[in-house]
Amino acid sequence: MSDKPNYKETVFLPKTDFPMKAGLPQKEPLILAKWEEEDVYGQLRKARAGREKFILHDGPPYANGDIHIGHALNKTIKDMVVRTQSLLGKDVPYVPGWDCHGLPIEWKIEEQYRKKKRDKNDVPAKEFRAECRDYAAKWVKVQTEQFKRLGNIGDYDRPYLTMRPEAEAQIVAELFKFAETGQLYRGAKPVMWSPVEQTALADAEVEYEDLADSPQIDVAFEIVESKLSELVGAHAVVWTTTPWTIPVNQALAYGPEVDYVLAEGSQGEKWLVAESLFDAFQARIGSERSLTKGMRFKGTELAGTVARHPMHHLGGFYARPRPLLAGHFVTTDSGTGIVHMAPDHGEDDFELCKANGIDPVFAVMGDGRYRDDWPWLGGDDERRRSVINKPFNAPDGPICSDLREAGALLSASADYAHSYPHSWRSKAKVIYRCTPQWFIAIDRPLHHLDPKSLAEERWEEEGGEPNDNGGVDDFPTLREIAMDEIDRVRFVPEKGRRRIQAMVEGRPDWLISRQRAWGVPIALFVEKKTGELLVDPEVNARITAAIREEGVDAWDEARAAEFLGAGRDPDDYEMVRDILDVWFDSGSTHAFVLESGDWSEQRWPADLYLEGSDQHRGWFQSSLLESCGTRGRAPYEAVLTHGFTMDARGKKMSKSLGNTVNPLKVMETSGADIIRLWALSVDFTEDHRIGDEILKGVSDQYRKLRNNFRYMLGALDGFREDECVAPADMPELERYMLHQLSTLDHKLRRAVDDFDFNSYVRMLTDFANEELSAFFFDIRKDCLYCDAPGGLKRRSYRTLLDMLFHAMVRWLAPVLVFTTEEVWGTRYPDGGSVHLLEWPEIGDHRDEALAARWEKLIALREQVNEAIEPLRAEKKIRSSLQAEVTVDSREDPTLLEELFITSTVHPGTQLSVTPTDHAKCGRCWRHLPEVKEDGDLCARCEEVLK
RNA sequence: GGGCCGGUAGCUCAGUUGGUUAGAGCGCACCCCUGAUAAGGGUGAGGUCGCAAGUUCGAAUCUUGCUCGGCCCA
């Protein structure tokens, strides 16, 4: 062979500068800088101006700390939505936002104070808030860079922040809408309260400490009324570890499914306890009072039973009846199976009593003592102490002593072991205490929403006939509107609907007040004399105007007169000092981002909200309630939810387990395109995993896609428009590929409509791997390398390659935002950004008859490949080009040779493969009859080299 | 403890209304090519469809229980 000429230089090999190795960590920041410099987002806005809009409203992440994998997933999916919709030609302005108020940031500032040995209470609130503001601003800046680094496109120069004065003013304005329409009221609710700090605490500010010497007492309540006559005169026994709550007892609770028994003493005493707790009760009251089991009955039989308080002789509050109520929370884990209810001091207590018309009495003051006028252990009792005072609750303390004297104390000791909540800061015990709070009513008829117009809207949307059932005159409640909207909105995946439905259906009134510093004020006045909420649009307008100018600091007591205006005496009004729960802030983002006009390219309502499934309780719901209460409908047309990212074994990630995957690290080592490809490859509608093995798989897939582009770029070297061939003039293989491309086009469009991005990515990778690399490109290699450049077949192939290139680079642009830019720039150095392009115009080349024929041919090809393999194993054949094939097919043998990438194909009756005797062409390496000797040229190559 | 959701090859995912030997891509193993070359091609081995009962002629698919995991509550 060495004496034969080397034809390598005459072969048209792919030629490109596009490197096989990506080097994404180095390259991506450069591409990013270019986008910034060229303002690609701004260009895109101009390019899509006037087109149909698609509004994805960003759910604000909390401005605190570096981004984690959940942010990366969420933002990548959002970016995919923005870019795919944009690819379809729509105008998709995306305004990212941040949630800036709230407790976690307050804590960080307090933490800094502690390090400097400063006390928060010594710092003016205004100064404290300024520090919170700076802190949030700092993290907004950091996260902005991190989101951009991920390849997120959006209006990052003008994001929305809940702490901007304009936003704060709009949030207050939204609150006023609730106030002005009678949906807002001041109620009460037990909250965690620290008597030492005299402040309400958030759950996260409470820590539990194990105690071994807590008091435990059994108290007898005499039954005065019951359907079961045996019970009258008996005593219901309650057990508690907080003796101080007995003075505020208002009811008893039993478990309807619990079995009860009368425990009878030798003196004829009868005590009502749960049967399964009989022994424990006996043990507590001591063997000197030996008990026997009397009558048994089910909890349900206790309905209607009424007891009286052991201190009923004090009259007034204590003389009221203490009804026995059915409580589903009653268990027989400990105690007596009868739970004493103090609605002031327990959540279950509060809810059960509220449902039965029993209101809290606010007997315990902020400092933990009973109030001055309280008949038992109140102001003039010198034994009065804070309720968390240990001797006060002791077996020999005043409560137990009085109960003992009344004959109601059956046992008392100070030896109970359990965990009890303490203040995170002072380490002192905390209690549940009812405090005034602000609520939005869920079940009040909303008179400001015209039921008729709402109903008509509904009819129009549903295309149905007006249903004159008289319901039109009933004003709907917030809950009803919200439930209707949940029916109407599109949920992806569908299961999200049921989840939010269940929550809205069963939720209590919306508690919106917090006793905190860093947030939007509940900027309301309450008339001291009447306790009435002041609703005056003129006052409200002055307040929002001030906040719009100066931010939340404008809500200052010194300015009460200014806000109230002439004719009102500030002394007559209480200025509410609570702030709004941050969920009200974020629930109002649709108002100040979509509707306000501050972002003129936005529009209300949004087409889509897209967040993790935890937001069914959070943002999806707060936004829904806010919008339904103020505007009578949801602020979104569709809701997309994603699951959570677990570690490689499916376990939840946590810092303490050390199984977290840091997206910033992955970007540093592998690149943002790898994270994006991961996020869009998994089924994000469910929980999904990430880990080294998974990321390796993603990288492998990335490499294959990259090499496909590299091959296309190389094969298209020197391609010119005038090479193009019309589809009708193309060989069948090209037309079959056009069919495949059209089919893929349609499937991809559907995947975009369904937000089914993992199918989208899978279809593209499968297509690249199977249809292109292993099939089309492999078969046409001979043609590309060896045919004359002007030949119809080669031109047809390159026409297809050009179409494939344009399709693939656009389709993958929303996924591999950096790589496709590199690909595009390699082919079109002056072609602008790939991200300005629109969906490729493939045209409909579907031809089912052709496809059916080719599917058979491909099946035959697979059989031939199978048949070649044994000969390869026997070392009789090396390359498939050495195989001579007999097949049962009437197809043109030349076509089959090309398709199989083999030597001569003979028609026959049975599939068989033999090594060919033909010599090998020195240029195209095919074994053909006309080649006399290995290394000579075949007819085609002879012709080409002329 | 309660509500909701999920568990298909090593990995990522398909599996329509229950119906022939459960599929794909990747990875892996072996082979080929050395003119896409830290690339490309071929073949192949991988699954008791979380577990256990039940309904049915027949179940990955329907029912129940259990288990593991997740989100939200308590």
Side-chain angles (χ1 to χ4, degrees), chain A residues 6-16 18-21 328-329 331 333 347-348 493 495-503 505-507 612-618 621 641-652 677-678 680-683 685-704 706-715 756 758-759 761-770 773-775 777-779 781-782 784-786 861-862 864-875 877-883 900-901 923-925:
Chain A
N6 183 354
Y7 292 104
K8 179 158 181 172
E9 295 308 312
T10 73
V11 172
F12 309 112
L13 293 177
K15 198 175 135 206
T16 178
F18 188 78
M20 193 134 70
K21 189 168 161 46
H328 290 275
F329 50 84
T331 65
D333 298 342
E347 286 188 287
D348 287 335
K495 65 190 175 194
R497 188 191 312 277
R498 267 204 292 152
R499 188 156 175 189
I500 193 168
Q501 230 162 27
M503 289 177 181
E505 202 163 32
R507 67 157 298 145
S613 59
D614 55 337
Q615 298 304 327
H616 286 108
R617 179 161 293 275
Q621 197 179 147
T641 51
H642 57 77
F644 282 70
T645 304
M646 302 296 135
D647 76 359
R649 295 175 325 173
K651 294 273 164 65
K652 117 158 109 184
L677 189 56
W678 162 78
L680 297 168
S681 298
V682 298
D683 179 2
T685 65
E686 300 287 349
D687 289 350
H688 48 268
R689 306 171 182 207
I690 193 169
D692 291 342
E693 188 185 5
I694 294 167
L695 283 171
K696 177 171 178 299
V698 171
S699 299
D700 286 340
Q701 193 50 64
Y702 171 83
R703 222 172 297 124
K704 283 179 174 282
R706 187 177 176 88
N707 270 307
N708 262 281
F709 279 121
R710 187 175 123 94
Y711 173 79
M712 285 191 274
L713 285 167
D756 183 3
N758 88 51
S759 293
V761 169
R762 176 168 312 278
M763 285 190 270
L764 284 169
T765 54
D766 284 2
F767 184 71
N769 293 332
E770 289 301 293
S773 188
F775 180 72
F777 294 169
D778 203 30
I779 291 168
K781 223 184 269 188
D782 172 76
L784 178 74
Y785 293 178
C786 301
R861 183 178 192 257
E862 281 164 12
V864 170
N865 276 333
E866 260 176 73
I868 292 174
E869 208 57 22
L871 281 88
R872 205 164 355 222
E874 292 166 39
K875 304 289 179 198
I877 287 180
R878 303 176 73 83
S879 162
S880 62
L881 286 169
Q882 295 169 332
F900 301 160
I901 319 181
R923 179 162 177 273
C924 71
W925 296 348

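Remember, it's a predicted structure, so these values are computed and weren't measured experimentally. Below, read A as the first sequence line, B as the second, and so on, with proteins coming before strands; counting in each chain starts at 1.
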Visitor: Restricting to salt bridge (Lys or Arg N to Asp or Glu O under 4.0 Å), what partner residues turn up for A:Lys651, sequence neighbours left out?
Guide: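 With sequence neighbours excluded, A:Lys651 shows a salt bridge (Lys or Arg N to Asp or Glu O under 4.0 Å) to no residue whatsoever.
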Visitor: Taking the nucleotide of RNA chain B with the closest heavy atom to each, which residue, A:Ile877 or A:Gly650, is nearer the 5' end?
Guide: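 Checking each residue's closest nucleotide, the 5'-ward one belongs to A:Ile877.
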Visitor: Looking only at side-chain N and O atoms, does A:Arg878 come under 4.0 Å of OP1 or OP2 in B:rC33?
Guide: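 Affirmative; the distance criterion is met.
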Visitor: Could you pull out all residues at least two apart from A:Glu862 that satisfy salt bridge (Lys or Arg N to Asp or Glu O under 4.0 Å)?
Guide: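 Per chain and number, A:Glu862 pairs via salt bridge (Lys or Arg N to Asp or Glu O under 4.0 Å) with no residue.
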Visitor: Touch check for A:Arg923, heavy atoms < 4.0 angstrom, all strands: base, sugar-phosphate only, or nothing?
Guide: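 The answer is base, as A:Arg923 lies within the cut-off (heavy atoms under 4.0 Å) of a base atom.
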Visitor: When the P atoms of B:rA29 and B:rU17 are compared, how many Å lie between them, rounded to an integer?
Guide: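 Looking at atom P only, B:rU17 and B:rA29 are 39 Å apart.
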Visitor: Minimum heavy-atom separation for A:Pro14 to A:Tyr785, with atom names?
Guide: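 Closest approach of A:Pro14 to A:Tyr785, heavy atoms only: CD-CE2, 3.6 Å.
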Visitor: Which part of the nucleic acid, if any, lies within reach of A:Lys15 when heavy atoms closer than 4.0 Å are counted: base, sugar-phosphate only, or nothing?
Guide: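 Contact class for A:Lys15: none.
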Visitor: Which nucleotide, B:rA36, B:rC71, B:rG25, lies nearest any side-chain atom of A:Asn769?
Guide: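 That would be B:rG25.
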Visitor: Given pairs defined as Watson-Crick or G-U wobble with both distances under 3.5 Å, what dot-bracket annotation applies to RNA chain B, with ( ) intrastrand, [ ] crossing, | other strand and . unpaired?
Guide: (((((((..((((.....[...)))).(((((.......))))).....(((((..]....)))))))))))).
Visitor: If the P atom of B:rC62 is compared with that of B:rG15, how far apart are they to the nearest Å?
Guide: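 So the two P atoms sit 14 Å from each other.
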Visitor: Which residues pass the salt bridge (Lys or Arg N to Asp or Glu O under 4.0 Å) test with A:Glu869, not counting sequence neighbours?
Guide: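 Checked A:Glu869 against salt bridge (Lys or Arg N to Asp or Glu O under 4.0 Å); matches are A:Arg872.
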Visitor: Applying ring pair (Phe, Tyr, Trp, His ring centres under 6.0 Å), can you list everything that pairs with A:Tyr711, at least two apart in sequence or on another chain?
Guide: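 Residues passing ring pair (Phe, Tyr, Trp, His ring centres under 6.0 Å) with A:Tyr711: A:Phe777.
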Visitor: When the P atoms of B:rG6 and B:rA38 are considered, how many whole Å apart are they?
Guide: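 After rounding to an integer number of Å, I get 46 Å for this pair.
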Visitor: Any donor-acceptor pair, under 3.5 Å, between the side chain of A:Ser773 and the base of B:rA36, if you only look at N and O atoms?
Guide: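 By the distance-only test, yes, there is a pair.
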Visitor: Give a yes/no answer on whether the side chain of A:Lys21 brings an N or O atom under 4.0 Å of OP1 or OP2 in B:rA39.
Guide: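 False: A:Lys21 side-chain N/O out of range (4.0 Å or more) of B:rA39 OP1/OP2.
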Visitor: Please report the distance, rounded to the nearest Å, between CZ in A:Arg861 and C1' in B:rU43.
Guide: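 Nearest whole value for this atom pair: 13 Å.
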Visitor: Indicate for each nucleotide in nucleotides 3-8 of chain B, in 5' to 3' sequence, whether protein heavy atoms under 4.0 Å reach the base (B), only the sugar-phosphate (S), or nothing (-).
Guide: --SS--
Visitor: Can we say A:Glu505 and A:Arg498 salt-bridge, meaning some charged N sits less than 4.0 Å from an Asp/Glu carboxylate O?
Guide: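 Salt bridge absent between A:Glu505 and A:Arg498.
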Visitor: Starting at the 5' end of RNA chain B, which residue's closest nucleotide do you reach first, A:Val11 or A:Glu347?
Guide: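 Closest to the 5' end, via its nearest nucleotide, is A:Val11.
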Visitor: What is the separation between atom NZ on A:Lys781 and atom P on B:rA36, rounded to the nearest whole Å?
Guide: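 It is 4 Å, rounded to the nearest whole Å.
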Visitor: Nearest whole angstrom, please: distance from the P of B:rA36 to the CE of A:Met20.
Guide: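 Rounding to the nearest Å, CE of A:Met20 and P of B:rA36 are 11 Å apart.
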Visitor: Establish whether the base of B:rU12 is bridged to the side chain of A:Arg689 by a donor-acceptor pair shorter than 3.5 Å.
Guide: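 Per atom types, no contact qualifies.
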Visitor: Return yes if some donor-acceptor pair links the side-chain N/O of A:Arg499 with the main-chain N/O of A:His616 below 3.5 Å, else return no.
Guide: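 The answer is no, because no donor-acceptor pair under 3.5 Å joins these two groups.
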Visitor: Is it true that A:Asp692 and A:Lys696 make a salt bridge, defined as a side-chain N closer than 4.0 Å to a carboxylate O?
Guide: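 Answer for the salt bridge query: no.
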Visitor: Is any side-chain heavy atom of A:Met646 less than 4.5 Å from a side-chain heavy atom of A:His688?
Guide: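 Contact flag for A:Met646/A:His688 side chains = no.
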Visitor: Between B:rG40, B:rU12, B:rA36, which nucleotide gets closest to the side-chain atoms of A:Tyr711?
Guide: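 Among the listed nucleotides, the one closest to the side chain of A:Tyr711 is B:rA36.
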Visitor: Calculate the interatomic distance between A:Asn707 atom CG and B:rA36 atom P; express it in whole Å.
Guide: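 Roughly 11 Å, once rounded to whole Å.
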Visitor: So, OP1 or OP2 of B:rC26: does either fall under 4.0 Å of a side-chain N or O from A:Tyr702?
Guide: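 A:Tyr702 to B:rC26 OP1/OP2: no side-chain N or O under 4.0 Å.
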Visitor: Examine the side chains of A:Ser613 and A:His642 and answer whether a donor and an acceptor come within less than 3.5 Å of each other.
Guide: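 Distance-only check fails for A:Ser613 and A:His642.
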Visitor: Could you state the CZ-C1' distance from A:Phe709 to B:rG40, rounded to the nearest angstrom?
Guide: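 That distance rounds to 18 Å.
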Visitor: Starting at atom NZ of A:Lys704, determine the distance to atom P of B:rG40, rounded to an integer number of angstrom.
Guide: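 Checked: the NZ to P distance equals 5 Å.
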Visitor: Under 4.0 Å, counting only non-hydrogen atoms across every strand here, what does A:Arg649 touch: a base, just sugar-phosphate, or nothing?
Guide: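 No contact at all - A:Arg649 keeps every heavy atom at 4.0 Å or more from the nucleic acid.
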Visitor: Could you check how far CG of A:Leu881 sits from C1' of B:rG42, rounded to whole Å?
Guide: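 From A:Leu881 CG to B:rG42 C1': 13 Å.
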Visitor: Taking A:Ile877's backbone N and O only, do any of them form a donor-acceptor pair with A:Gln882's side chain (distance below 3.5 Å, no angle check)?
Guide: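 A pair under 3.5 Å: no.
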Visitor: Does A:Lys652 place a side-chain N or O at less than 4.0 Å from the phosphate oxygens OP1/OP2 of B:rC71?
Guide: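 Checking B:rC71 against A:Lys652, a side-chain N or O does come within under 4.0 Å of OP1 or OP2.
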